[in-house]
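Below, chains carry the letters A, B, ... as their sequence lines are ordered, and counting in each starts from 1.
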Amino acid sequence: MIEVSYSPGDLERKWYAKWLENDLFKRKIAPDKIAYTVHMPPPNVTGILHMGHILNNTIQDVLIRRARQKNQSVFWVPGIDHAGISLQIKIEKELAKENKTRHDVGREAFLDLARKWREKHGNIILDQLKKLGVSCDWSALKYTLDPDYYRTVLAMFVEWYRRGYIYKGSRLVNWCPVSMTALSDEEVIMRQQNSILYYVQYEIVEKPGTFITVATTRPETIMGDVAVAVHPNDERYQEFIGLHCWRPVLCESIPIIADEAILKDFGTGVLKITPAHDMVDFEIGQRHGLAAIGVIDKNGKLNHLAGPEFAEMDRFEARKRVGEYLKENGFLLKEESYVNNVGFSERAGVPVEPMLSEQWFLRYPCVEEAKLAVQKGFIHFRPERWEKTYTHWLDNIKDWCISRQLWWGHRIPVWYRKGKDRNDPQNWHVSVDGPEDPENWEQDEDVLDTWFSSAIWPSATLGWPDEGTMAEMGFNYFYPTEDLVTGPDIIFFWVARMIMSGLSLLGDEEKRLSDDEIRRRIPFKNVYFTGIIRDHIGRKMSKSLGNSPDPLDLIEQYGADGVRMGLLSMAPNGQDILFSEDRVAQGKKLCTKLWNSFRFRQQGSMEGDRSSIEAIVTRIDGDSLETDDITILGKLLEIMDTFERTMADYEFSRALQILHTFFWSNYCDWYIEISKMRTGETIWAVHDLILRQLLLLFHPFIPFVTEELWQDHGYGTKFLNEEPLESSDELRQKLSQIDFGKAATLIEEIEHIRELVVAARALKAQFGLASRRDVKFYFKADSAANEVIERHRQDIKYLLLTQFFEETVEALQLPTTIVTLGSIHIDTADSLDIEAEKERLSHELKELDRLIEINQKKLQNEDFLAHAPQNIVGGARDLLAENMAKKKELEAVLLKLSSIQ
RNA sequence: GGGCGGGUAGCUCAGUUGGUUAGAGCAACUGGUUUACACCCAGUAGGUCGCAGGUUCGAGUCCUGUCCCGCCCACCA
């Protein structure tokens, strides 16, 4: 017997421990079964659990548990990411408290600190996930800096280097002056800024006293100007092209050139060219063979090339000072405020500095195949619209800067011969294990972008490229994986790169991959993009806003089951999610209701065998079955079908809605109430059938409470998730002794009874008699309807809480309501306010008239009759007839009322 | 500048290939402890489906235009 009240905390801890003890989540290579694999997006070691994790992992757990119910061999691979730049910043901050930099402690000591931090804090988020009930195979947990994973990442670098996709070059990259490293384009986020547009005059060398005016937001880079450019067709400046002008700061003569890239209608149409500090300028500089003068250092301060007046000055301070200098010396024509977009470092939150530096780059492999894989449906995105975003990115893809000037991460496996030119590949050694004579070499100081290491995640976690480990992990069995569940914000960072990596590396280099080969190499077949969780007014959840609830608090308060249920119910397909704690509370309510429905069940005899469907079915006596039993079972089979369909489309909240309505409205509010009138084993067996099925259907969403009820109720000896879930057809087979042939008409009959009960209750409520039990009802119906009512008379009386529900042959002078089966009168026992009643009925009559008019109009329309399909026309006719009949009844009652004065 | 998503009841959202009288939950209001459940039950009220055209016998659903809100991409200094 279960406890009186449902309290999730203890039972959730209990069952998670038991599941782990019994290796319920452990993968099994079972060739006779279909493999079903999912990779958990590895959270960062520095991460703290937020609502996004909860949603994401709940969805995965639902998919995984469903797969177990379908008797598939399941492998859910958990992991954790070393979070390169993020943890490095954290450790540096800790050092800063002691006034130290990483250079003070040295590389090895620094890495030790980071490792220790990870050991201490790195598993917190995984422990938090366990509270949610995630059923992943913890024995397969992979960390991106595990020794074998580390080697795999290096092997990936070496292989791509060997194939010619990785190269080293001096390019203008996004530089973060705070983290002191290069960043990829994806790590730069554009933000709107209120800037100042400075109009600066440059005097023409050949025409003293004549000026050309440049508009710039970055005066601090003027010292790096090597030219001034205009559009070749710009009439205003034709005479100046080919001449020179004086650079206003650090005075020097620089050429005036023409280039198509200049926009005539922006600012003055004149652009200052600073190749070392601007992407466009860099390209123009390349085209015109101009030098690049870098005046800003890696720490964001100006250097000696900016001249003694500005050297050592911070770039933003310098912007102000140069502005003042220009003003004081008469170069500044005017300044105006101006809103522009500036790239910021995602992690450090400061503007990035385009900086010329030596970096490693990846030319993406298999770009075309990656597009095809999705276009041809080998990989299916949900919602599908993300395909466009994905394809658009691939169409405009640029080489990826993969080197980072950090220490925490996978160190680039390139060695340079000591004392030789590092830029000459003759002096390079590229391998996983390094040169045999390490004393003559020094390794590249940089590490790889964290996202580079996670690009190979799906196959590396399954043992690739080591054949022994692959066999042990069951690579050929579990790869390609089935579903990936992730946020659309990392579609470029992670999803696209995993696809390209898999396509490129899981086989030899080929000019063009065949469709079969693409299918073999892709890392996953479906990508489900979740929505982003926002607060109740649509703002992104963030620490600084303090609008993000702590998931652990929620779990404490509502149980993991409640949180899972609540979150899924508020997560429509592919749209952002407005968080509402109210929904979480509702999630818990559902669990409580389920709990209480079992307490109702336990009031009945618990003698009968419940250990299987077959056992339950043998307890059913076909002759004792009533309309309500067949109806509820028929309804169950019906919703199982729609449930399956919506789940197959990954429409979780809709599927839940279907279950919820069946359980709450059909089962609890109707069937349980009706069955209170009944006795005998058959009715309890029907309850067992329904409850058993409900536990199975609900289990993937609320695993804990369903397990508790399953075990307590004796539905089986195994764990609930080891029990297969029948399809509705299989269940129908097992219930073959029940005649569902007439279920459709029975459902209609029950609908009519329900309509009658609802209407009669409403009548009772309208006259304020809801609390009274001695209210008398009369009904008037034709003979067919009378038979139906007679069959359900006891139920009706019970549901209306009345002892008196009798037939009358003529309309009575009592408050009345008209339903399909006939008219219902209520005896208010008080003297009737005839005028009020007439008004109430007239109001109802008006509504009926409106409905009648709609259908009459339709049926009088010849075009409608000619074009509309038969069932629609028939439906309109039936409806009209039904409403006409009701109207006739209503008018009869009204007439009766009018006859009494 | 380009692309995508959204605008349906006070709030959050369903509404499947156009087809019977546009739904649910929450909130509001009314009444109720009847032996599973007040984390409950019964009932009431609340909508010109952003706006304007069009196609159609029929439009929340399809087409065109338009206005808001949100996101992504993009080198106008």
Side-chain angles (χ1 to χ4, degrees), chain A residues 4-6 190 197 214-218 229 261-263 265-274 278-283 338 340-341 343 354 383 385-386 388-389 392-393 396 488-489 491-492 532 534 536 538 540 558 562 569-570 572 574-578 580 582-583 585-586 588-603 645-646 649 651 653-654 657 660-661 668-669 672-673 676 757-758 761-766 768-773 798-799 801 847 850-851 854-855 858 861-869 871-880 883:
Chain A
V4 172
S5 60
Y6 162 64
M190 301 307 280
L197 195 56
V214 169
T216 180
T217 53
R218 302 210 56 193
I262 313 303
L263 299 159
D265 54 358
F266 183 86
T268 56
V270 185
L271 180 64
K272 71 187 201 62
I273 304 300
T274 324
D278 187 280
M279 298 288 176
V280 185
D281 293 10
F282 182 76
E283 282 166 22
Y338 177 66
N340 63 343
N341 289 319
R385 63 187 145 88
W386 292 110
K388 277 194 183 174
T389 308
H392 181 257
W393 186 70
N396 297 286
D489 48 334
I491 188 168
F492 311 136
I532 292 175
R534 303 172 173 279
H536 67 109
K540 226 171 173 168
Y558 302 103
S569 75
M570 72 182 102
Q575 250 159 259
D576 284 359
I577 297 147
L578 300 198
S580 124
D582 210 52
R583 291 290 192 106
Q586 284 172 53
K588 187 185 176 192
K589 279 187 189 178
L590 181 106
C591 298
T592 310
K593 184 84 173 170
L594 193 61
W595 186 269
N596 285 321
S597 67
F598 272 79
R599 289 193 58 229
F600 170 76
R601 170 64 190 90
Q602 293 185 352
Q603 295 203 325
R645 272 203 302 278
T646 47
D649 290 338
E651 296 190 73
S653 58
R654 228 169 123 185
Q657 179 76 44
H660 185 280
T661 305
C668 292
D669 290 347
I672 286 187
E673 288 311 312
K676 285 176 182 172
V757 168
V758 167
R761 279 170 173 168
L763 203 56
K764 207 175 166 188
Q766 269 168 32
L769 300 170
S771 62
R772 305 236 326 248
R773 311 191 64 177
Y798 177 76
L799 293 168
L801 299 175
E847 175 64 11
R850 188 181 72 86
L851 300 179
I854 289 173
N855 281 300
K858 251 186 214 174
N861 184 340
E862 306 234 335
D863 287 327
F864 174 72
L865 297 174
H867 291 100
N871 60 321
I872 298 297
V873 177
R877 284 213 174 97
D878 291 350
L879 207 58
L880 181 63
N883 287 328

Practice prompt. Give Y338(A) one of three labels, base, sugar-phosphate or nothing, depending on what nucleic acid heavy atoms sit under 4.0 Å from its own.
Written response: sugar-phosphate
Q603(A) atom CD is separated from U34(B) atom P, nearest whole Å, by 15 Å
Exercise. For K676(A), which contact category applies under a 4.0 Å heavy-atom criterion: base, sugar-phosphate, or nothing?
Worked result: base
Between CG of N596(A) and P of C41(B) the distance, given in whole Å, is 10 Å
- request: Remember a base hit wins even if backbone is also touched, and classify T217(A) as base, sugar-phosphate or nothing at under 4.0 Å, heavy atoms.
  value: sugar-phosphate
Sorted by position of nearest nucleotide on RNA chain B, 5' first, the leading residue of F600(A) and A876(A) is A876(A)
- Item | Sugar-phosphate only, base, or nothing, as touched by I262(A) at under 4.0 Å among non-hydrogen atoms | base
Give one of base, sugar-phosphate or nothing for K388(A), where a contact means two heavy atoms less than 4.0 Å apart. sugar-phosphate
How is I672(A) classified with respect to the nucleic acid when contacts are heavy atoms under 4.0 Å: base, sugar-phosphate, or nothing? base
Q: Would you mind classifying the nucleic acid contact of P488(A) as base, sugar-phosphate or nothing, using non-hydrogen atoms under 4.0 angstrom?
A: nothing
* To do: Identify whether any heavy atom of E673(A) sits under 4.0 Å from a base atom; if not, whether one sits that close to sugar-phosphate; answer base, sugar-phosphate or nothing.
  => base
Between CG of L594(A) and P of A36(B) the distance, given in whole Å, is 16 Å
When rounded to whole Å, the CD1 to P distance for the pair I532(A) and C71(B) reads 10 Å
In whole angstroms, the gap separating C1' of U20(B) from CD1 of I872(A) amounts to 6 Å
Rounded to whole Å, the CG-P distance (N855(A) to U20(B)) equals 11 Å
The answer to which of L578(A) and G269(A) contacts RNA chain B further toward the 5' end, by nearest nucleotide, is L578(A)
